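All remarks here apply to the structure that follows.
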Amino acid sequence: MLPFSPSTPSFLTLLFPAAAKAAADVVDLGWHAPAQTDINNLTTALSSEGIYGFIFNSSETPEGQYGTYNWCNMPHVRTREYVKPSDEFELRYVEVIQRHHKRTPYASNAFPVEPYHWDCDDQGLFFFGQRLLPGSAWGASARTFWDGYTSDINPFVQSGWIGSCQFPQITSTGLDDSWTHGADLYGVYHDLLKFLPGKDSDWQSKVRYRVTTNQITSQVAGMLIAGTWGTSSSIPLLVQASAVDSLEPAYACTVGSTLFSDIKSSANAAWAEHLTAAAGLYAALDAISGVPASDSGFHASFDHYYDNLSARQCHAKALPCNVTSGSCVTQEQAHEVYRLGQWEYSQIYRDAPASLAASVSSYGVWIAELAAHMRSVISGTNDILYFHNVAHDGSISRLLSVLQIEEMVWPGMGSEIIFELYKRTDRSSDSRVPPTSRQLRWAEGQGGFYVRVLFGGKTLKSSNPSLGLISMLPVETLLAYFDGLVGENASLVRGKCNGSISL
Ligand SMILES: *[C@@H]1O[C@H](CO)[C@@H](O)[C@H](O)[C@H]1NC(C)=O
Ligand SMILES: *[C@@H]1O[C@H](CO)[C@@H](O)[C@H](O)[C@H]1NC(C)=O
Ligand SMILES: *[C@@H]1O[C@H](CO)[C@@H](O)[C@H](O)[C@H]1NC(C)=O
Ligand SMILES: *[C@@H]1O[C@H](CO)[C@@H](O)[C@H](O)[C@H]1NC(C)=O
Ligand SMILES: *[C@@H]1O[C@H](CO)[C@@H](O)[C@H](O)[C@H]1NC(C)=O
Ligand SMILES: CC(=O)N[C@H]1CO[C@H](CO)[C@@H](O)[C@@H]1O
């Protein structure tokens with residue numbers, strides 16, 4: 001990778017010239033391999049037992065085990081476990097990005113014959129337009145909601161799942177998880193840290209919520225906001241146009257798509273090896289499900305089987321059986337699917353050296369938006385305290401890839417990454433930021449802003465030596481890393497996506 005050399009004076013250069021220059025000169029923009037663990041070890045994925053102590057069959061994580069990976073409801077910050085920084089650090093800004101909570105499977109992940117129902121008659125999807133202009137002669141909209149049903153007359157049967165849900169739709173218990181998630185965030189950032197304003201204050205001018213155009217993110221946001229603020233009033237959800245949305249991400253990025261396809265192709269020896277080694281498992285699952293061996297969607301990766309099985313288990317539904325032969329998917333087969341799914345996510349987003357370039361190009365716009373939010377807080381031109389994004393596993397995975405997380409996992413339902421921006425207030429204090437050997441501390445006494453990144457409520461550890469354990473990292477280092485990869489205001493991203501800027 002080329003060292004980052006800004007051609008125009010950036011915000012940081014103007015505000016903290018020495019710090020920004022030092023950061024740009026020394027920050028490491030290269031890809032660094034993740035740690036070797038069971039998750040990215042193909043032998044373990046294929047031939048161990050269980051699923052590494054992870055939870056796949058309930059949203060509840062037993063007390064005392066909170067923080068454990070739970071596919072149905074990933075850990076997030078809560079007052080009980082939250083580690084409060086020392087008093088010399090004053091919180092100035094929080095940006096949260098999370099995956100939506102648990103849902104039905106997607107239509108594409110159903111087996112050819114789906115005798116099982118998923119019904120959603122116990123909830124309404126409220127959907128209506130209403131003028132925002134005050135004093136409109138036509139008044140407020142009725143609170144209309146979608147009431148899914150199947151017609152006895154309609155001869156066209158939708159392929160895939162049957163039932164009154166949309167596929168996908170956040171389930172009722174997934175809505176409950178969303179509410180709890182919101183309440184827990186208020187517990188930490190209001191009750192514990194006294195950072196967010198109270199429920200009866202003008203909190204709406206201090207916070208922003210953002211979703212993708214996939215409706216399930218709005219379903220989560222409504223419940224999350226109610227859980228946080230105890231409100232049932234009208235709240236705007238920021239959303240970009242569906243063809244260019246950076247949060248999902250949905251903007252066209254040919255180079256990024258090609259890099260990801262190459263990782264998931266026989267051109268990648270590790271990928272080819274895992275599919276070959278899993279042939280027996282595939283044959284067994286196909287015989288039960290009736291999925292033809294020629295179905296490329298099911299056989300390009302374990303994604304579809306994983307979603308089909310895990311969505312059922314998270315909702316306490318039995319593993320599927322073949323009504324003709326009577327044989328059923330066993331728990332051990334399901335666990336092997338889950339282990340292989342974890343291995344695949346680590347391969348796609350971390351182990352493959354091209355993963356960084358693929359994620360940088362396809363998620364670079366959101367990265368630049370985050371950087372811009374932090375810059376405007378630092379320069380005092382933004383009084384938003386809290387920005388909350390509701391997104392997808394593809395969003396969280398790309399962000400973990402850009403941050404080069406040391407141990408990649410498939411981000412489960414409700415997975416949460418938080419960026420906390422602090423200002424160090426007490427410069428005379430003797431207490432020092434604990435130095436980590438390879439992190440750069442040149443910014444001490446310069447801007448005085450520091451970042452902590454939490455994943456699943458715990459400090460995120462990066463394999464990139466410039467980032468390391470991202471706890472009170474001088475913000476100049478993180479911004480120089482982001483700028484070097486995507487450019488300030490995403491200036492490099494279109495070029496990286498269309499191949500006019502080499503990666
Ligand atoms: C992968 O796991 C196997 C079986 O536990 C072990 O023998 C091997 O050393 C591991 N590979 C790496 C690279 O850690
Ligand atoms: C969930 O899975 C764990 C481990 O596989 C098992 O011990 C537990 O009994 C299961 N719980 C339910 C409700 O099936
Ligand atoms: C069930 O098993 C039979 C016999 O192995 C197979 O022909 C069929 O495709 C399987 N799937 C379903 C959904 O019946
Ligand atoms: C980035 O965008 C912001 C806001 O639009 C602007 O103030 C700033 O000058 C831009 N920075 C660069 C380097 O173009
Ligand atoms: C590729 O992106 C660059 C940088 O934004 C742009 O100037 C150029 O027009 C784009 N080329 C094509 C073929 O879209
Ligand atoms: C693997 C699996 O669960 N397959 C199932 C996917 O879900 C449908 C319906 O729930 C089952 O019929 C399939 O067997």
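Small disclaimer: the values here were computed from a predicted structure and weren't measured. We number each residue from 1, following the sequence as shown. As the structure lists them, so they are numbered: ligands from 1, and atoms in each ligand from 1.
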- Go through ligand 3 atom by atom and flag the ones less than 4.0 Å from a non-hydrogen atom of S289. 11 (N), 13 (C)
- Any non-hydrogen protein atom less than 4.0 Å away from atom 9 (O) of ligand 2: no
- Counting from 1, what ligand 3 atoms have a heavy atom of A287 closer than 4.0 Å? 1 (C), 2 (O), 10 (C)
- Item | Parallel, tilted or perpendicular: rings of Y338 and F56 (30°, 60°) | parallel
- Message: I'd like to know if D383 pairs up with R92 as an ion pair, taking the criterion as any Lys NZ or Arg NE/NH1/NH2 lying under 4.0 Å from an Asp or Glu carboxylate oxygen.
- Response: no
- Does at least one non-hydrogen atom of S327 fall below 4.0 angstrom from an atom of ligand 3? no
- Cut-off 3.5 Å, side chains only: do T212 and D245 have a donor facing an acceptor? no
- Task: Please indicate, with yes or no, if any protein heavy atom is found under 4.0 Å from atom 14 (O) of ligand 2?
- Result: yes
- Query: Got a protein heavy atom sitting under 4.0 Å from atom 4 (C) of ligand 2?
  - Reply: no
- Of the choices T324, N322, V323, which has the non-hydrogen atom that lies closest to atom 1 (C) of ligand 3? N322
- Message: I'd like to know whether the aromatic ring centres of Y93 and Y386 sit less than 6.0 Å apart in this structure.
- Response: no
- Message: Is it the case that the ring center of F54 lies less than 6.0 angstrom away from the ring center of W410?
- Response: no
- With respect to atom 12 (C) of ligand 2, which of I51, I55, N57 exhibits the smallest heavy-atom separation? N57
- What do you reckon, is CD of E332 surrounded by more than 12 foreign heavy atoms closer than 6.0 Å? yes
- In terms of the angle between their ring planes, are H76 and H181 parallel, tilted or perpendicular, with boundaries placed at 30° and 60°? parallel
- Query: Any idea which atoms of ligand 4 are less than 4.0 Å away from a heavy-atom of N489?
  - Reply: 1 (C), 2 (O), 3 (C), 8 (C), 10 (C), 11 (N), 12 (C), 14 (O)
